[in-house]
There are 2 protein chains.
Amino acid sequence: MSDRQKEVTIYDIAQKLNISAATVSRGLKDHPGTNKETKKKILAAASEMGYHSNSFASSLRTKRGNIIGVIVPRLNSNFMSDVIAGIEKVVNESGYNLFISQSLEEMEKEVSNAKAMYNNRVDGLLVSLAYNTNNINHFEAFIKRNIPVIFFDRVHEHQQCPSIFIDNYKAAYNITNHLIEQGCKRIMHIGGSQLRNVYIDRFNGYKRALEDHKIPFEDELLIINDLSAQSGARAAQQILEMKTQPDGVFVANDLCAISCMQLLKKQGIRIPEDIAFAGFNNDPTSCVIEPNLTTIDYRGYEMGEVAAKVLIGHLDNNNDLIQTHSLILRSELIVRDSSRKKE
Amino acid sequence: MSDRQKEVTIYDIAQKLNISAATVSRGLKDHPGTNKETKKKILAAASEMGYHSNSFASSLRTKRGNIIGVIVPRLNSNFMSDVIAGIEKVVNESGYNLFISQSLEEMEKEVSNAKAMYNNRVDGLLVSLAYNTNNINHFEAFIKRNIPVIFFDRVHEHQQCPSIFIDNYKAAYNITNHLIEQGCKRIMHIGGSQLRNVYIDRFNGYKRALEDHKIPFEDELLIINDLSAQSGARAAQQILEMKTQPDGVFVANDLCAISCMQLLKKQGIRIPEDIAFAGFNNDPTSCVIEPNLTTIDYRGYEMGEVAAKVLIGHLDNNNDLIQTHSLILRSELIVRDSSRKKE
DNA sequence: CTGTTAGCGCCTTCAA
DNA sequence: TTGAAGGCGCTAACAG
């Protein structure tokens, strides 16, 4: 925009009031030791003249932009949009601004987003890793300069980066255990990228539960995919083609679980009588599908709030070194009809 | 963060290469007319020294931050997170950054968010209005300075602000018409804030369809609420208590429709035999509920992409005056079992 | 093709 | 309590 009107600056205010710009600058932000009268005049003039602080100038000078950056795999999942909403609330209330970008599950994009965040001099970064990210060198620049990086949900252990997540291992253990208690003997697991903690841990929790019940783990009963709805339908197809079908399925997210259930139901499989189901996430859809889906509840909104609070706590306390201090949030098994073998 | 290492600047590069900072600045961004060799050396040095452009300084100088601001009612709805994902994609690909904030359906918050966006000197603004916003004076500052403001979905007519939305009137007309064709004679409408175009238009489309079929509109058959799940359940309760129940319900969003259906089903109401249902939005839940919900499909992702493209088109063409040029995107009636009266 | 110069608007010593 | 002065890092004339 070329002919944008020029903005009112502190100099304009200073001139009008016959004082110095320095005084205006101080008056505008409760600098200790400013005459109350002058301050009042300054504020009055500022609002009358339509003054708006220029944050570029201020950021350049102070080296702080009051910006928090967020990089997530996708914005449009139920879980992630809850997280973002929680982050936004805290960030907004604390007077920061929010830069958001999505990696679309590609490490390459994550790297370029991180670079953009860096150039924009975010004060701190909240990250949930892409599907295929296999190293986090792209965050080293931040860490080296004490710009806090906090991982959430899809995290990466790092000396200097706190992580915020749930106990996926335990949750998966519990839900698999529950299936076993319902009488399931051949339990399939549909999981996600074994690069990501969340899916590794869910898989391991599942395996451990089998083990504890002396049920051998079978390769045939493991499907690793991207946990999309399409993949859920494909998995259902695979199940239908099996010689010996499973009598229980634990899927690492609800989206995939539900699309799998829908296709099986259409083919006459009875849930839970023939095959019991369990998911993960407590998506809204999980209590719309019939039978309602047994799942793990963990609130994205809360995770977003917590992550943002931890980050802003660091920033506002001016801690130079971020102490690694990870948080494990609560999650909960929710038993619904999809896993209640009735017999 | 106090002891953040000082950053490498173009001066450092200039010094090392024994050239001027201006040349470095030019070399760094393909300025037409820069020796290829020098440029190569500059880029090499920059990457070797770990140079990162300081966007505060650059923005201060050029008065452009390459930032696009977004203000929406809530981030965590299926529709809105699709929109945001679409916006992010386009914005990111065009080299802009995205500032996001939510009004939480409160005009007051919308106003303060707008102010923050202004201070941060966004280059343009994408807005979907809060539930109770009753004027848009808070955007006048932008408009006055030729900072483009574009409304989408929940829009406001304004000489200088393009709007992007769907034909809610027609969609509502069609879906109501469909219910009538299925044999419904007493059709209830559950709608939202009559301050927002989307809900006004849906209501009017509904009324018009009744009219065209000589069905009188009855006050008793209108419920206006916030279209939340809770309100859906409450509406169901009201329906159950009615002397003469409706034989069809058109709800202005799927979320509310589904929660209403669930409660009615639990009370033994048969859908669609006793009461046919239609919603709006084509939420993922709409094809999970049984019977699947008849609804209106319009893609949030596409709306986000379009809105962002229109905005960036304006910015990159350096149009000083944004020509009002609104867009009506396609929407589509999707008939499912919730409205198929069988008899 | 490159260097010189002069700010963008703000904040922050330092001195008064 | 206030003012003067300098500079954050970059870019855009202008001149060479």
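Computed from a predicted model, the values in this text were never measured in an experiment. Below, read A as the first sequence line, B as the second, and so on, with proteins coming before strands; counting in each chain starts at 1. The figures here come from the full heavy-atom set of this structure, side chains too, leaving out hydrogens, waters and symmetry mates.
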Colleague: Using side-chain heavy atoms (C-beta onward) and a distance below 4.5 Å, is A:H158 in contact with A:S163?
Modeller: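 A side-chain contact under 4.5 Å is absent here.
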
Colleague: Between the side chains of A:R121 and A:N119, is a donor N or O closer than 3.5 angstrom to an acceptor N or O?
Modeller: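 No, no side-chain donor-acceptor contact under 3.5 Å.
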
Colleague: Under 4.0 Å between a side-chain nitrogen and a carboxylate oxygen: does that hold for B:K63 and A:E7?
Modeller: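 No, this pair does not count.
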
Colleague: Taking B:Y131's backbone N and O only, do any of them form a donor-acceptor pair with B:S193's side chain (distance below 3.5 Å, no angle check)?
Modeller: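 Answer holds: yes.
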
Colleague: Measure CZ/B:R26 against P/D:dA12 and give the value in whole Å, please.
Modeller: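 Distance, rounded to whole Å: 10 Å.
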
Colleague: Polar-atom pairs under 3.5 Å, protein N or O versus N or O of nucleotides 7-10 of chain C: list them with distances, or write none.
Modeller:
residue, atom, partner, partner atom, Å
C:dG7, N2, B:R61, NE, 3.4
C:dG7, N2, B:R61, NH1, 3.1
C:dC8, O3', B:K63, NZ, 3.1
C:dG9, OP1, B:K63, NZ, 3.1
C:dG9, N2, A:A57, O, 3.4
C:dC10, OP1, A:Y51, OH, 2.6
C:dC10, OP1, A:N54, N, 3.3
C:dC10, OP2, A:I10, N, 2.8
C:dC10, N4, A:Y11, OH, 3.2

Colleague: Could you state the atom-to-atom distance from NE2 of B:H31 to C1' of C:dC1 in whole Å?
Modeller: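 Computing the B:H31:NE2 to C:dC1:C1' distance gives 10 Å.
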
Colleague: Is the shortest distance from a Lys or Arg side-chain nitrogen in A:R154 or A:E105 to a carboxylate oxygen in the other one below 4.0 Å?
Modeller: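 Yes.
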
Colleague: Whole Å only: how far is the CD atom of A:Q15 from the P atom of D:dT2?
Modeller: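 Spelled out: CD on A:Q15 to P on D:dT2 is 19 Å.
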
Colleague: For DNA chain C, whose closest nucleotide is more 5', that of B:K36 or that of B:A21?
Modeller: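 By nearest-heavy-atom nucleotide position, the 5'-most residue is B:K36.
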
Colleague: Without hydrogens or angle criteria, can the side chains of A:N66 and A:N97 be said to hold a donor-acceptor pair below 3.5 Å?
Modeller: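 Distance-only check fails for A:N66 and A:N97.
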
Colleague: Can we say A:K16 and A:E48 salt-bridge, meaning some charged N sits less than 4.0 Å from an Asp/Glu carboxylate O?
Modeller: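 Looking at A:E48 together with A:K16, the answer is yes, because their closest N to O distance falls below 4.0 Å.
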
Colleague: Determine the interplanar angle of the B:F142 and B:Y118 rings, folded into 0 to 90°, and report it as parallel if under 30°, tilted if 30 to 60°, perpendicular if over 60°.
Modeller: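 Correct class here is perpendicular.
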
Colleague: Whole Å only: how far is the CG atom of B:L28 from the C1' atom of C:dC1?
Modeller: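 About 17 Å, once rounded to whole Å.
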
Colleague: So with a 6.0 Å cut-off around CD of A:Q15, is the heavy-atom count from everything else above 12?
Modeller: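 No, CD of A:Q15 has 12 or fewer neighbouring heavy atoms, counting only those of other groups under 6.0 Å.
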
Colleague: Measure CD1/B:I13 against P/C:dT2 and give the value in whole Å, please.
Modeller: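 One finds 15 Å between P of C:dT2 and CD1 of B:I13, rounded.
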
Colleague: Please list residues of residues 41-50 of chain A whose heavy atoms come under 4.0 Å from any atom in DNA chain D, ordered by number; otherwise none.
Modeller: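 Heavy-atom contacts with DNA chain D come from no residue of residues 41-50 of chain A; none.
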
Colleague: May I ask you to evaluate whether B:T23 reaches the phosphate of C:dG3, defined as a side-chain N or O under 4.0 Å from OP1 or OP2?
Modeller: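 The answer is yes; a side-chain N or O of B:T23 sits under 4.0 Å from OP1 or OP2.
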
Colleague: Would you indicate what B:T38 reaches in the nucleic acid, counting non-hydrogen atoms under 4.0 angstrom: base, sugar-phosphate, or nothing?
Modeller: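 Here B:T38 touches the backbone only, sparing every base.
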
